[in-house]
Amino acid sequence: MSNYEDNLAIEKKWQEIWEREQLARVDTSDPAVKGTYLLVMLPYPSGDRLHVGHARTYFLTDALHRFLRQRGQNVFCPMGWDAFGLPAENYAIQKGIHPRTSTLANIAAMKEQFRAWGVLYDWSKEVTTCEPEYYRWNQWFFLKMLEKGLAVRKKASVNWCPSCETVLANEQAEGGTCERCKSPVTQRELEQWFLKITDYADSLLEGLDGLEKWPEKVRTMQRNWIGRSVGADLDFVVPALGETVRVFTTRPDTVFGVTALILAPEHPLVPRLLAGHPDRAALEAWVRSVRSQDRIARESETAEKDGRFTGFTARHPFTGAEVPVWIANFVIADYGTAALMAVPGHDTRDHEFCTKYGLPIVEVVKRPASADPAIACWTGEGTMVNSGPYDGVPSAEAGEAIALAAEEKGLGGAKVRFRLRDWLISRQRYWGTPIPMIHCEKDGWVPVPEKDLPVILPPDAPFTGKGGNPLDKVESFLRAACPRCGGPGRRETDTMDTFVDSSWYFIRYLDPKNADRPFDPSIAARWAPVNQYIGGIEHAILHLLYARFFVRVIKSLGLVSFDEPFAALFNQGMITRRSPGGRVEKMSKSRGNAVSLDPLIAEKGADAVRAYVLFLGPPEKETEWNDDGIAGPERFLYRVRGTVEGFLSSGADPRRDPADPAAAAARRRHIAVRKVTAAFEAFSFHTAVAHLMEFSRHAAELCGDPGAEAGEKAATLRTLVALLHPVAPHLSEEMHQRLGGTRSLLLEGWPAFDPSLAEEETVAFAVQVSGKLRGQVVLRRDAGEEELVRAALADETISRWVTGKERVKTVFVPGRLLNLVVR
RNA sequence: GCCGGAGUGGCGGAACUGGCAGACGCAGGGGACUUAAAAUCCCCAGCCCCGCAAGGGGAGUGAGGGUUCAAAUCCCUCCUCCGGCACCA
């Protein structure tokens, strides 16, 4: 009846029809057209073949896309390419192939894959971020941020590989060694461009409360990442230098317990503190060694606390006592003020440090009587002691009073600080958006005028992997006249972090060819924000946070009127599979457990693979791939096809309507529509497939029954193929056509159901005796309590549990259950 | 350590708002078709006990306790696994 070649021919046929008829195309520029914006995270065009672990997002999104279209919604679902990035550049270094060449080839290959999967996008809105038409607007946004003081240049410590002579992203320096050459990573101070995302810290935090259609998990992760802390700034004067060291503390109440002041090795005062020290050379060497340590290793909680006394003391802002000034490795340079007050009595880290170096420990918060006296360092609240005027006051109250007192003395005051750091966008890389700045000896950093955008990435650059950024060696790019004075200038060769590209691409999709502006605000007003965003949890923090920041900036430029880019977010779970080692792990090429997609599709067809991937399990959870499991969905699709073909070969008219709209078989049909619809609405694709399988069994049985009514048979099959479309689009279209359909199912409308018919007429009521199931009684759905009790007692297997006992209570749940409680 | 999430048959998983645990599949067993196999179709099937059988009974959703007529679902304590963050003053 059917074979794989035939399946593939059918799939190819419909892929061509969808493409030719441009069924996914939306005219976003037409003010009369409205709809739903469905977005899937744009992929990086990698050279590796995609495996089934990757495909889940796209199948999921496509099923939803088709479902919404069938329900009559005008869905905008675009696709594009996150085309800049390190892998292409590394490939150029290894193979000598230009990043642009490999990237464009990868894009073409992936596009071909998407086509073969039968996923539907509005390709007329395609965006490729490595094209000047796109990245010129990255540059434009950068200039706007510069004007607003949101793009700034400042020093930062970065991961540096001395062998590759390049900076590394944190994830490329994991474990303290370079991902590529395995040599130890050091830290370097470099002048870098930053975007001041911290200016929006409060807004980004508060905005999370309104994102009710985001997973709670992601919102929590972002909250922790932003890390708002309420406390106080306090000033300690170092009299010998005439300088003030400001510290931030979340526990101003413990200020009377301070026994040391500790600075990060990066603290600006450190050079002066060490300048006159008798052991200066050794101390400076120590500071250098700490600073060059890998940040991840240094900031790990398990790292040994290491410090040095500077020989200086600072004056306590409240007691006036002399407090020793130390430098220590565990004080983080870019959090707070890079300095802290050590309260060893009430902070475990300070306790560890002060114990190690023999510094005094003072108790200033009396723990409540209920607290465990064995705990050496009480970090909770309590009553103040040894704190002068604050003795006897509850610690929380004392904290506020002390912050206020500090403010009155001009020595600090209440303060809110964030863990969130500014976004470092400079990359010493070729394959990215050039930062549109020119350095002039006379005028310093001067922005490239808007009219001169885009600053084009020069096509030829030497990819040696040595000597840092290839752009540094492209003379024609480097040399540029200062836009201000016309004198000789040197172009910035750093390029932008690729997260810039993905921070606003979803708005560009709406108006991708606009040459005058990043997008037309009136189009954005109609279509943005995105109604439903789908992607991996791995982007829970950075990408989503940066995009939320960008949209706030874009709003401040008056181009959009909303704050949040993504109204609803869905994160699909990973697909796992047993590795050669026997462990169940995330599917990936490097773990050796990937199932490649293209051969599987070539063998089973895209529909079967789609149906199986959707059937695997709840889409938001991780789920295990089983190589044999695909047989189930395959048989299911085969059965659907066989049933339709069998029906047609009998010569029956597929367009007929049922003779009896309320017949038992019609009820089965209405029930199926109700269940499948509800499952799709709930993103429960796996149960939708399960319901479809059940319905297909019913359809096969009905059509195989010569006595069954032909109109109902036809209606059942028409319904089945329509409901099947989001799961198996090719087969459903083909069957729909053979059943007399004249246009795509995408245009035909979703089957309706009559609620009054979408229930079985009779119900098998569960009958319990004292909570234990003792039997079932089949009655009408709307049977009452008395009727059910009578029927239950008439049933011998049930009644023998009741006779001779006293009935103390009867619980009746309409349409479901009866519980006779006896004693 | 902190913050999320999860633990249900041999396996993936289902179960509305507390109301018949195991839907739908995989793997398994039996049968039909076939010279045979594959494919396909039909039937059986979570576990333990009693019974030749029809059938009957029991325990059971990570462990222990609780609330309730009724708990996978709610509450308490604990264990395990996965993900994220991790010296943030």
Side-chain angles (χ1 to χ4, degrees), chain A residues 1-3 215-221 223-225 227-229 231 247-251 254 262 264 296 298-305 328-332 334-343 347-350 352-353 417-421 537-538 540-541 573-574 576 584-586 611-612 615-618 620-633 635-636 638-639 642 675 678 682 684 686-694 697 700 704 764-776 797 808-822:
Chain A
M1 185 186 338
S2 84
N3 53 50
E216 192 51 51
K217 181 182 182 169
V218 174
R219 296 202 283 171
T220 305
M221 282 164 76
R223 274 190 199 105
N224 294 341
W225 189 262
R228 187 176 195 265
S229 293
V247 302
F248 174 64
T249 178
T250 55
R251 293 294 301 274
T254 64
I262 314 181
I296 290 129
R298 178 176 147 196
E299 291 184 9
S300 142
E301 208 170 330
T302 48
E304 168 86 13
K305 288 187 176 38
N329 63 342
F330 73 96
V331 182
I332 292 165
D334 39 19
Y335 182 74
T337 60
L340 60 83
M341 61 180 213
V343 185
D347 180 282
T348 47
R349 297 154 304 180
D350 298 348
E352 190 188 330
F353 185 81
R417 287 190 185 270
F418 297 90
R419 179 185 173 276
L420 182 69
R421 294 167 200 182
I537 188 77
E538 64 273 21
I541 296 174
M574 294 180 307
T576 62
V584 174
E585 298 181 286
K586 171 186 177 167
Y612 183 45
F615 184 61
L616 276 173
E620 72 280 6
K621 284 205 243 163
E622 69 172 55
T623 183
E624 199 179 326
W625 176 271
N626 175 331
D627 292 341
D628 300 322
I630 194 168
R635 286 200 268 260
F636 154 61
Y638 184 88
R639 180 167 61 238
K675 286 185 172 173
S684 184
H686 63 309
T687 58
V689 176
H691 295 314
L692 284 166
M693 286 173 166
E694 260 180 320
R697 284 203 176 277
F765 282 85
V767 180
Q768 300 177 335
V769 178
S770 295
K772 280 202 177 274
L773 183 72
R774 295 302 182 192
Q776 290 189 330
T797 50
V808 293
K809 190 170 181 177
T810 303
V811 181
F812 171 67
V813 182
R816 284 188 178 277
L817 155 150
L818 179 71
N819 187 6
L820 303 168
V821 186
V822 297

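In what follows, chains are A, B, ... by sequence order, proteins preceding strands, each numbered from 1.
- In this structure, the OH atom of A:Tyr638 is 15 Å from the P atom of B:A38, given to the nearest Å.
- Across the protein-nucleic acid pair, A:Arg774 atom CZ and B:A70 atom C1' stand 14 Å apart, rounded to whole Å.
- Summarising the geometry, the separation between CZ on A:Arg223 and P on B:C3 is reported as 14 Å, rounded to the nearest angstrom.
- Taking 3.5 Å as the limit, the base of B:C3 and the side chain of A:Lys217 contain no donor-acceptor pair of atoms between them.
- Of all the heavy atoms in A:Phe636 and A:Leu692, the pair that sits closest is CE1-O, 3.6 Å.
- Considering only residues two or more places apart in sequence or on other chains, A:Thr810 meets the side-chain contact (heavy atoms from CB on, under 4.5 Å) condition with A:Glu785, A:Val789, A:Arg807, A:Leu818, A:Leu820.
- Aromatic ring orientation, A:Phe248 versus A:Tyr335: perpendicular (interplanar angle above 60°, classes split at 30° and 60°).
- Across B:G12, B:A89, B:A59, the shortest atom-to-atom separation from the side chain of A:Lys772 is found for B:A59.
- Side-chain N/O atoms of A:Thr797 include none lying less than 4.0 angstrom from OP1 or OP2 on B:G56.
- The phosphate of B:A89 has neither OP1 nor OP2 within less than 4.0 Å of any side-chain N or O from A:Lys305.
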Is there a side-chain contact (heavy atoms from CB on, under 4.5 Å) between A:Arg639 and A:Arg697? Walk through the geometry before answering. CA-CA 8 Å; A:Arg639 180 167 61 238; A:Arg697 284 203 176 277; 3.4 Å; yes
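- Straight-line distance from the CE atom of A:Met221 to the P atom of B:C2: 18 Å, rounded to whole Å.
- Between A:Val769 and A:Val822, the shortest heavy-atom contact is CG1-CG2, 3.9 Å.
- Using a 4.0 Å cut-off between charged side-chain N and carboxylate O, A:Arg223 and A:Glu216 make a salt bridge.
- Atom-to-atom, CD of A:Glu622 to C1' of B:C11 comes out at 15 Å; the value is rounded to the nearest Å.
- Nucleotide B:C41 forms a Watson-Crick or G-U wobble pair with B:G31, both donor-acceptor distances falling under 3.5 Å.
- Heavy-atom nearest nucleotides on RNA chain B were determined for A:Pro618 and for A:Met574, and the one closer to the 5' end corresponds to A:Pro618.
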Contact state string [nucleotides 17-27 of chain B, B base, S sugar-phosphate only, - no protein heavy atom under 4.0 Å]: --BB--BBSSS
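- Annotation: of the two residues near RNA chain B, A:Ile541 and A:Thr220, the 5′-most nearest-nucleotide partner is A:Thr220.
- With rounding to whole Å, A:Trp225 atom CH2 is found 18 Å from B:G4 atom P.
- One interatomic measurement links the two molecules: CD of A:Glu620 to P of B:G13, which rounds to 11 Å at whole-angstrom precision.
- Residues that satisfy the side-chain contact (heavy atoms from CB on, under 4.5 Å) test with A:Ala690, not counting sequence neighbours, are A:Phe615.
- Nucleotide B:C81 forms a pair with B:G5, judged by Watson-Crick or G-U wobble geometry with both contacts under 3.5 Å.
- The side chain of A:Lys621 lies closest to B:A14, out of B:A89, B:C69, B:A14.
- Here the straight-line distance linking atom CE of A:Met574 with atom CH2 of A:Trp625 works out to 16.0 Å at 0.5 Å rounding.
- At the heavy-atom level, A:Thr337 lies nowhere under 4.0 Å from the strands shown.
- The separation between A:Lys675 atom NZ and B:A15 atom C1' is 11 Å, rounded to whole Å.
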